[in-house]
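Please read the structure below before turning to the comments.
Order of the sequence lines fixes the chain letters, A, B, ..., with proteins taken first and strands second; residue numbering starts at 1 for each chain.
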There are 2 protein chains.
Amino acid sequence: MRVSLRFAALGLLAQHPGSGYDLLRRFEQSMANVWPATQSQLYGELNKLAADGLIEVTDVGPRGRKEYQVTAAGRTELVRWMTHPGDDPPHRSASLLRVFLLGEIPPEKARQHLVGVAAHAESELARLTELRDSLTPWGDSAAEFFGGAALDYGLRIAQMEGDWARSLVSAFDERQTETSTVQ
Amino acid sequence: MRVSLRFAALGLLAQHPGSGYDLLRRFEQSMANVWPATQSQLYGELNKLAADGLIEVTDVGPRGRKEYQVTAAGRTELVRWMTHPGDDPPHRSASLLRVFLLGEIPPEKARQHLVGVAAHAESELARLTELRDSLTPWGDSAAEFFGGAALDYGLRIAQMEGDWARSLVSAFDERQTETSTVQ
DNA sequence: AGAGGCATGTAAGGGGTTACATGATTTC
DNA sequence: GAAATCATGTAACCCCTTACATGCCTCT
């Protein structure tokens, strides 16, 4: 059983109970960079989780609002998933695919693309740095600690991607001058 | 129109014509780390690409083998996709999701998991280093250059992930001693 | 009374995986 | 002749996205 939105939702509910609507906003805010989810999908998954007994409705409020809470079975299942990796969906990166195929387009455009990748990495780095600095520095719960760790991962990726793209542009330019002088 | 296997297949065919069967092996070998694809999906996509006129059958061999080749329209479409990013599927990382939710499992298990992440990064680094060193060093075509660049990206990711996981373990240990002494 | 937010749901379609199915050709 | 490999395809199922649909509650 693959399924990761399942565990994303289960995990967020484990951090704090709430309704689908509540959860949706938490997906948009804290989790958007790790595991984005749409409204439609989320409601469906919550019903499945409830049907499987991993979460339960503890209260029904105005407008049919359902307050969800993780059950004991749900916690067990969450721990099981978290401590048993190996069944994750494979990584796919469209941006890396582009680079892989960059030899198939005119060199000029290829170079241009790489410069764009570097620029994008820099803006991501800026965005995430700003996000980190805007975070409440007094938070020291476990959830905030690991949320910060995930953010740090993003920052390191952005940094690395910028370094990589810039070094690639250099290597590309060297390569181009080489081949043109050989001819 | 999202669709990336489409362009992965189109791009590989642009590098070199061949049959679905040929392509499948190239997916398993050179492209497995960038954009994995299954046999089933690939044959379906090739038929769609042919129906859309982006590739064409140039020859039919034994066992109904179809030799495919990229058309002019296909090249145009490939260049368009590569130079116009922005419609890529969102990034989802199950392993990062696990870290994000690590506060929901017992600290001991959380730490254990992080150590495992560091170990995995190290073995990935070793695997990719070996792969790089086994590559034909005399290759200097554009495709090989950019293939090497993609591989370098993977190496940098592995390196970064190891650094990150190790620093996280340190921070986690500090945090644990802090809270235990405060009590 | 109307606007905006709260709250949940369904339907259609695309992309991906697994499993099943079939047959031709080459190799030993 | 048997086994391995070549070669393509179909069917069922799951995950995700977009769009549509519906109604309630609060605030002004």
Taking only side-chain nitrogens and oxygens of A/Tyr43, does any of them come within less than 4.0 Å of OP1 or OP2 of C/dG9? no

Among C/dG15, D/dC16, C/dT8, which nucleotide has an atom closest to any side-chain atom of B/Gln41? C/dG15

Take atom CG of B/Asn47 and atom P of D/dT8, then tell me their distance rounded to the nearest Å. 10 Å

Give the rounded distance in Å between these two atoms: CZ of B/Arg26 and P of D/dC6. 16 Å

Considering only NZ, NE, NH1 and NH2 on the basic side and carboxylate oxygens on the acidic side, decide whether A/Glu122 and A/Arg166 come within less than 4.0 Å. yes

Separation of atom CG in A/Leu42 from atom P in C/dT8, rounded to whole Å: 9 Å

What about B/Ser40: does its side chain form a donor-acceptor pair under 3.5 Å with the base of D/dA11? yes

Any salt bridge linking B/Glu130 with B/Arg132? Criterion: basic side-chain nitrogen under 4.0 Å from a carboxylate oxygen. no

Quick one: do the B/Ser170 and B/Asp173 side chains pair a donor with an acceptor below 3.5 Å? no

Decide if atom NE2 of A/His120 counts as having more than 12 heavy atoms of other residues, nucleotides or ligands within a radius under 6.0 Å. no

I need the residues from residues 79-99 of chain B with at least one non-hydrogen atom less than 4.0 Å from DNA chain C; give them sorted by number, or say none. none

Would you say C/dC6 has OP1 or OP2 under 4.0 Å from some side-chain N or O of A/Arg65? no

Go through C/dG16, C/dA7, D/dC15 for me and flag the one nearest to the B/Trp35 side chain. C/dG16

Connected via hydrophobic side-chain network under 4.5 Å: B/Leu24 and B/Val57: yes

Mind calculating the distance between CG (B/Leu46) and P (C/dG16) to the nearest angstrom? 13 Å

If you measure from the Lys or Arg side-chain nitrogens to the Asp or Glu carboxylate oxygens, is any gap between A/Glu77 and A/Arg80 under 4.0 Å? yes

Side chain of B/Arg63 - closest among D/dT18, C/dG5, C/dA24: C/dA24

To the side chain of A/Leu5, which of D/dC16, C/dT8, D/dT8 is closest? D/dC16

Integer-rounded Å distance: D/dC15 P and A/Leu49 CG: 11 Å

Should B/Lys66 be listed as having a side-chain N or O under 4.0 Å from OP1 or OP2 of D/dC6? no

Closest nucleotide of DNA chain D for A/Ala37 versus for B/Gly44: which of these residues is on the 5' side? B/Gly44

A/Asp22 has an atom CG; how far is it from atom P of C/dT8, in whole Å? 8 Å

Give the rounded distance in Å between these two atoms: CZ of B/Phe27 and P of C/dT17. 11 Å

Carboxylate-amine/guanidinium proximity below 4.0 Å for A/Asp59 and A/Lys66: no

Does A/Arg156 form a side-chain hydrogen bond (donor to acceptor under 3.5 Å, both in side chains) with B/Ser167? I'd like the steps, not just the answer. CA-CA 12 Å; A/Arg156 285 173 190 248; B/Ser167 88; 3.3 Å; yes

Hey, is the side chain of B/Glu45 pairing donor to acceptor with the base of C/dG15 inside 3.5 Å? no

Among D/dT18, C/dG9, D/dC15, find the nucleotide with the atom closest to the side chain of A/Lys48. D/dC15

Nearest-angstrom distance from the residue atom CG of B/Asp59 to P of D/dA7: 12 Å

Looking at the side chain of B/Arg25, which of D/dC6, C/dT17, C/dG9 is the nearest nucleotide? D/dC6

